[in-house]
Amino acid sequence: MIAAFRARSRRSLNVNVFCHQPATGDVSLQSAWLELLRAHFERHGAKPPAELKEIYRSFVADDAMLEALLVEKPRVVSFHFGVPSAERIKALREANIVLLASATNLVEALAAQKAGVHAVVAQGYEAGGHRGVFDADAVDDCLGTLALTRVLVRELAVPVIAAGGIMDGAGIAAALRLGAAAAQLGTAFIACPESAADVGYRKALLSDAAHHTVMTRAISGRPARCLRNRFTDLGAAVSRGQIPAYPIAYDAGKALNAAAKAAGEPGYGAQWAGQGAPLARALPAADLVRRLADELREHE
Ligand SMILES: Cc1cc2nc3c(=O)[nH]c(=O)nc-3n(C[C@H](O)[C@H](O)[C@H](O)COP(=O)(O)O)c2cc1C
């Protein structure tokens with residue numbers, strides 16, 4: 001992916017790596033989860049997979065990934081779900097790579113700062129996609145972007161980047177006024193033609209469904225904000241102890257989505273979206289960035 005990017009652009013590249021604690025497989029829990037999903041597979045003419053795998057390796061346990069980053073030297077490397085060891089951070093810093101980490105509360109933000117990142121992303125509860133919590137089983141205070149950004153701006157020495165629910169220039173201006181050095185937007189770009197979102201996801205995002213997002217762990221095994229759909233409804237009816245760990249549950253989630261989609265049902269997708277989803281615009285990414293810059297100037 002880095003090579004494909006570089007073949008098309010000489011501009012800065014941010015590579016994002018997941019730093020979750022590697023999953024410990026629990027075979028009986030996984031079998032029970034697949035049994036629970038069986039009816040959903042069968043409704044779409046499919047069967048659940050016989051077993052589940054750890055489909056993504058964590059950066060904290062992947063030396064080849066570190067080697068690749070040290071060779072390729074992207075301008076920025078960002079961490080989600082935690083921060084890697086001091087040795088890994090030191091190696092990346094010595095390669096002159098700018099390091100960012102997501103944090104959802106002050107304790108995580110201080111840990112990221114202490115580990116040596118150059119800036120912290122304050123990810124509020126509004127944010128679309130996976131919540132960057134370091135420990136998915138810890139109590140979550142569900143801090144919103146506004147309060148979290150203010151707390152981190154006051155307590156951290158490194159710059160804070162606000163993320164969660166920011167969809168336009170007015171939102172970016174508000175984040176900067178809170179003391180953030182920058183704003184990070186995710187949901188705002190899903191409807192861009194360049195994104196990998198499929199037709200069902202785009203249709204849902206641009207419909208009234210955008211007004212309803214849910215935090216669910218049923219799709220991947222970690223909490224993530226998603227458009228309310230058949231999978232989030234399924235998740236609302238199970239307890240968290242029934243769901244295998246990330247990313248093992250995601251293996252089942254992806255298989256169920258593929259089976260349902262093949263049968264014409266788009267409602268089992270990982271349709272990640274933040275609470276700002278109704279403000280999404282289907283513009284080419286470059287046009288959207290120009291629009292955001294114009295709107296920001298209007299609000300400065
Ligand atoms: C479709 C989608 C995919 C995402 N994937 C990632 C990811 O791979 N890594 C990551 O660190 N954050 C990911 N995020 C979270 C974003 O980094 C960011 O925290 C979030 O999009 C900000 O909130 P917003 O969606 O309301 O703009 C994703 C968000 C969305 C909406």
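Reckoned from all heavy atoms, side chains included, excluding hydrogens, waters and symmetry mates. Position 1 is the first residue of the sequence; numbering continues from there. Whatever order the structure lists them in is the order used to number ligands and atoms, beginning at 1.
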Report task. Using a strict cut-off of less than 4.0 Å between a Lys/Arg side-chain nitrogen and an Asp/Glu carboxylate oxygen, indicate whether Arg291 and Asp168 qualify as a salt bridge. Result -> no

Query raised in the report: Honestly, is Arg217 close enough over Tyr246, meaning NZ or CZ under 6.0 Å from the six-membered ring centre and within 45° of the axis?
Result: no

Query raised in the report: Less than 4.0 Å between a side-chain N and a carboxylate O, is that true for Asp294 and Arg297?
Result: yes

Query - Under-4.0 Å salt bridge between Asp198 and Lys261 - result: yes

Report task. Have a look at ligand 1 and work out which part of Thr187, if any, has a heavy atom under 4.0 Å from it: side chain, backbone, both or neither. Result -> both

**Report entry** Centroid separation Phe134 to His20 less than 6.0 Å
**Finding:** no

Query raised in the report: Does ligand 1 have a heavy atom under 4.0 Å from the side chain of Tyr201, from its backbone, from both, or from neither?
Result: side chain

Query raised in the report: Which atoms of ligand 1 sit under 4.0 Å from any heavy atom of Gly186?
Result: 21 (O), 24 (P), 25 (O), 27 (O)

Report task. Over 60° means perpendicular and under 30° means parallel, so classify the ring planes of Phe18 and Tyr56, tilted if in between. Result -> perpendicular

Query raised in the report: Looking at Tyr250, does the NZ or CZ of Arg222 lie under 6.0 angstrom from its six-membered ring centre and within 45 degrees of the ring axis?
Result: no

Report summary line: Note: ligand 1 atoms sitting under 4.0 Å from heavy atoms of Leu185 are 27 (O)

Report task. In sequence, state the C-alpha distance, the side-chain angles, and the governing distance for His44 and Tyr268, and then conclude on ring-ring contact (aromatic ring centres under 6.0 Å, His included). Result -> CA-CA 11 Å; His44 302 101; Tyr268 288 88; 5.4 Å; yes

Query - Interfacing atoms of ligand 1 (cut-off 4.0 Å, heavy-atom, Ala127) - result: 20 (C), 22 (C), 23 (O), 26 (O)

Query - Any protein heavy atom < 4.0 Å from atom 18 (C) of ligand 1 - result: yes

Report task. Would you mind running through ligand 1 and noting each atom that sits below 4.0 Å from a heavy atom of Asn16? Result -> 7 (C), 8 (O), 9 (N), 10 (C), 11 (O)

Report task. For the pair Glu295 and Arg281, find out whether any cationic side-chain nitrogen is under 4.0 Å from an anionic carboxylate oxygen. Result -> yes

Query raised in the report: Any N/O of Trp272 closer than 3.5 Å to an N/O of ligand 1?
Result: no

Query raised in the report: Is the closest N or O pair between Gly165 and ligand 1 shorter than 3.5 Å?
Result: yes

Report task. For Phe18, counting its heavy atoms only, list the atoms of ligand 1 lying under 4.0 Å from any of them. Result -> 7 (C), 8 (O), 9 (N)

Query raised in the report: Is there at least one protein heavy-atom neighbour under 4.0 Å from atom 31 (C) of ligand 1?
Result: yes

Report summary line: Heavy-atom proximity to atom 22 (C) of ligand 1 ranks first, among Gly132, Ser195, Gly164, for Gly164

Report summary line: Note: ligand 1 atoms sitting under 4.0 Å from heavy atoms of Gln184 are 16 (C), 17 (O), 18 (C), 19 (O)

